[in-house]
**Q** 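Encoded as structure tokens, here's the structure I'll be asking about.
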Protein chains: 2
Amino acid sequence: MVTIKDISKECGVSPATVSKALNGYAEISPETVELVKRTASKLNYMPNAAARLLKTNRSNNIGVLFVDDTMSGLTHEFFSLILNSVKEEAETNGYDITFISNNIGRQKMSFLQHCKYRNCDGVVIASVDFQNPEVLELVRSDVPVVTIDYSFDNLSSIVSDNQEGAYRLASYLAEQGHRKIAFIHGERTLVTQKRIRGFNRAMKENGIETPDEYMVEARYHDADSVRKATAALLDLDEPPTAIMFPDDFSFIGGQTEIFERGLSIPDDISVCGYDGINLSRILNPQLTTWYQNADMIGKESVRKLVESIEGTSVAEQIMVSGEFLSGNSVKRWNSK
Amino acid sequence: MVTIKDISKECGVSPATVSKALNGYAEISPETVELVKRTASKLNYMPNAAARLLKTNRSNNIGVLFVDDTMSGLTHEFFSLILNSVKEEAETNGYDITFISNNIGRQKMSFLQHCKYRNCDGVVIASVDFQNPEVLELVRSDVPVVTIDYSFDNLSSIVSDNQEGAYRLASYLAEQGHRKIAFIHGERTLVTQKRIRGFNRAMKENGIETPDEYMVEARYHDADSVRKATAALLDLDEPPTAIMFPDDFSFIGGQTEIFERGLSIPDDISVCGYDGINLSRILNPQLTTWYQNADMIGKESVRKLVESIEGTSVAEQIMVSGEFLSGNSVKRWNSK
DNA sequence: TTAATTTACTAAAACGTTTTCGTCAATACG
DNA sequence: CGTATTGACGAAAACGTTTTAGTAAATTAA
């Protein structure tokens, strides 16, 4: 392993000078800087991250806390898109990412402990139970944190505009003449509450009364649970003419139920999804859905995190807007 | 930050003793070990990974090289499953994982350099272009490597039994009476070659001649390219009665083409996928496909990697077997 | 000319561990 | 009883950086 000392010998200067030259200190003469940099790359020098960290307490590493009760965190396309974007933005900023878990090795260790152990400079948190004591411990600690789709008072957060998304989809269905609109929503998280609010606003604006049976809870990303919810809706005396699904993926569960009853989309029933993932574009019928800008969400969270790691930045709630994606899963409904 | 010194003061022993007590050296008396461990947890001590690494040259960190030309590495369900499994197995072994890339910060850095910089103890490589000079540099270096679905002479590798998978699917189609069987395969990687071999073997055993037009190349995980390939097949004078698709996801592209021509699966045409991901189970019709044990593949690669990091292990090619998943996308074909 | 300032560099300590040699009792052996 | 051996611990160096405080020479100011 070639170290700073090797360079210093080769150049006939002290290690201190090499370090400064490499790190762009102004007090080193241009010629020396040149010389040092040249020999550094000649010797194929790589700084030792551990040694640097030990001195500076900066790991250039950001933690990613992306867990899920169902452990589908990584296979959930929406979250993998965020993860991917976080990773790339982190990398262009010179950071690597580390997954934060709480059972490293055989022994139990809290999220915060894991962060400390790996000296993460900051953490991006998404898709977790934000009431979890360990999450709270981390959030309240001194490590910089940015949360996704959940806001704490004194912290920066990046949120997708869930209220708007649900509002727009519901409004669209209403505009198309639907009056019996059901909403299969996910577990009652903050995200879900926002969407329900958006849905309700659209209904109100269109003078539509939504019976309680039209609001049914299922689990995000769980095709089976959504299929059951769909079945319940179709079994009603007055089944809906349109259904909003919790997300694009789990919609497929609903689709199965609909098909198996010999119904067709959108002729007999109109549907829309949520997320706007790749899958929704290739499905047939193509899904009318709401695109969440996962890429932007990831990018912004890293940007904000880096800001609060490197400088002093004020806590800020950033809203990332989505986009209505039309497909052919909704048909105009002519009330009889 | 509480260090070993704090513990040593509290206990009235030297730092050396604390270190040894914590690391289970035999030369420390049981009582001292007890005392040290108790005060360590009382003070909420966390070892400093950087300091330890600096001394021991062991980071407890394994690199993951999972890139894709199409950058869909993380959103590809099959690979996210592997990634997830790698992550979990690594964690239970006390390792964290780091994504290896070649453009950390603003400056270009080779995969190997990145590994060195982060002191990865070993690397798992999958889903990359194994001819890439940078990959080769890493593979030939002194850092322990395990490859997935590709084998180098002197290295351990974990491979899914691609030949068997394609063989079984093709045989099944033949058993069901199909004689005009097409195979839309992926780009000509090693994996693809194996599958083609399996396919061909099945055809041969069943005395089926496969015209060249029935073997068409598309891109993995690319619904659009697969749709086009499907169209080409359906345009033939003698279109196939059964099609094997490159993977479950991209099959949806083919499905779209089939549906839009007013054909039905499996009545008019039989299909099967590959991978056996979640999606294939909830699709309608449910897909007949080959399940690749992503979980096992991830686990085994970490196991093997840790083995070669911690002890001396011989290079070994490990084959992970899959499983035939029947669905209802294949129908018995009565030759006229 | 002398004093003050600037420039370009260096010595050395420090970061928190691990690990190699010691050391010094206590015990075992001949 | 004297000598090995063992058991339990400590001193100190080392890992590769960064950074503070300094120094000597060169330049500028008075």
Side-chain angles (χ1 to χ4, degrees), chain A residues 1-37 39-40 43-61 94 105 113 115-121 310, chain B residues 1-37 39-40 43-61 94 96 105 113-121 310:
Chain A
M1 169 180 259
V2 30
T3 76
I4 262 188
K5 271 184 200 155
D6 300 317
I7 302 181
S8 86
K9 274 180 197 145
E10 183 89 5
C11 295
V13 299
S14 78
T17 303
V18 174
S19 171
K20 289 177 186 165
L22 255 23
N23 291 314
Y25 279 57
E27 66 197 71
I28 308 295
S29 75
E31 307 88 57
T32 313
V33 169
E34 253 312 292
L35 175 63
V36 166
K37 286 194 172 171
T39 53
L43 299 185
N44 206 355
Y45 168 74
M46 268 277 105
N48 182 316
R52 172 178 290 172
L53 162 56
L54 192 56
K55 270 308 279 185
T56 61
N57 270 316
R58 282 282 304 280
S59 62
N60 287 307
N61 212 301
Q113 283 178 317
C115 289
K116 298 276 190 189
Y117 177 59
R118 287 294 177 184
N119 292 90
C120 292
D121 295 334
E310 296 186 348
Chain B
M1 169 179 260
V2 30
T3 77
I4 261 188
K5 272 184 200 155
D6 300 318
I7 302 182
S8 86
K9 273 179 197 145
E10 183 87 5
C11 295
V13 299
S14 79
T17 303
V18 174
S19 172
K20 289 175 188 166
L22 255 24
N23 291 314
Y25 278 57
E27 66 197 72
I28 308 296
S29 74
E31 306 89 58
T32 313
V33 169
E34 252 314 290
L35 176 63
V36 166
K37 287 195 170 169
T39 54
L43 299 184
N44 207 354
Y45 168 75
M46 268 278 103
N48 182 314
R52 172 178 289 172
L53 161 56
L54 192 55
K55 269 308 280 186
T56 63
N57 270 316
R58 282 282 305 280
S59 63
N60 287 308
N61 212 300
D96 277 310
Q113 284 177 316
H114 194 170
C115 288
K116 297 274 191 191
Y117 177 59
R118 288 293 177 183
N119 290 93
C120 292
D121 295 333
E310 297 186 348

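These numbers were taken from a predicted model, which means no experiment stands behind them. Chain naming here is simple, since letters A, B, ... match the order of the sequence lines and numbering starts at 1 in each.
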**Q** Test of understanding: with side chain to side chain donor-acceptor pair (under 3.5 Å), list the residues that count as partners of B:N119, not counting sequence neighbours.
**A** none
**Q** So, using side chain to side chain donor-acceptor pair (under 3.5 Å) as the criterion, who are the partners of A:T39 when residues are at least two apart?
**A** none
**Q** Are A:R118 and B:N60 close enough that some pair of their side-chain heavy atoms sits under 4.5 Å apart?
**A** yes
**Q** List the atom pairs, donor and acceptor, that lie under 3.5 Å between side-chain atoms in residues 14-24 of chain A and the rest of the protein, sequence neighbours left out.
**A**
| from | atom 1 | to | atom 2 | distance (Å) |
| --- | --- | --- | --- | --- |
| A:S14 | OG | A:A16 | N | 3.3 |
| A:S14 | OG | A:T17 | N | 3.2 |
| A:S14 | OG | A:T17 | OG1 | 3.1 |
| A:K20 | NZ | A:E27 | OE2 | 3.0 |
| A:N23 | ND2 | A:S19 | O | 3.0 |

**Q** Return the value, rounded to whole Å, for the distance between atom CD1 of A:I28 and atom P of D:dT18.
**A** 13 Å
**Q** Rounded to the nearest 0.5 Å, how far does CE of B:M1 lie from NZ of A:K116?
**A** 7.5 Å
**Q** Using the side-chain contact (heavy atoms from CB on, under 4.5 Å) criterion, which residues pair with A:E310? Sequence neighbours excluded.
**A** A:R58, A:Y95, A:V306
**Q** If the sugar-phosphate is the primed atoms plus P, OP1 and OP2 and the base is the rest, what is the B/S/- string for nucleotides 16-25 of chain C, using protein heavy atoms under 4.0 Å?
**A** BBBBB-----
**Q** To 10°, what angle do the rotation axes through the five end pairs on each side of the helix from C:dT1-D:dA30 to C:dG30-D:dC1 form?
**A** 50°
**Q** Would you check if B:Y45 and B:K37 make a side-chain contact, meaning some heavy-atom pair closer than 4.5 Å?
**A** no
**Q** What are the two closest heavy atoms between B:C120 and B:S59, and how far apart are they?
**A** CA-OG, 3.9 Å
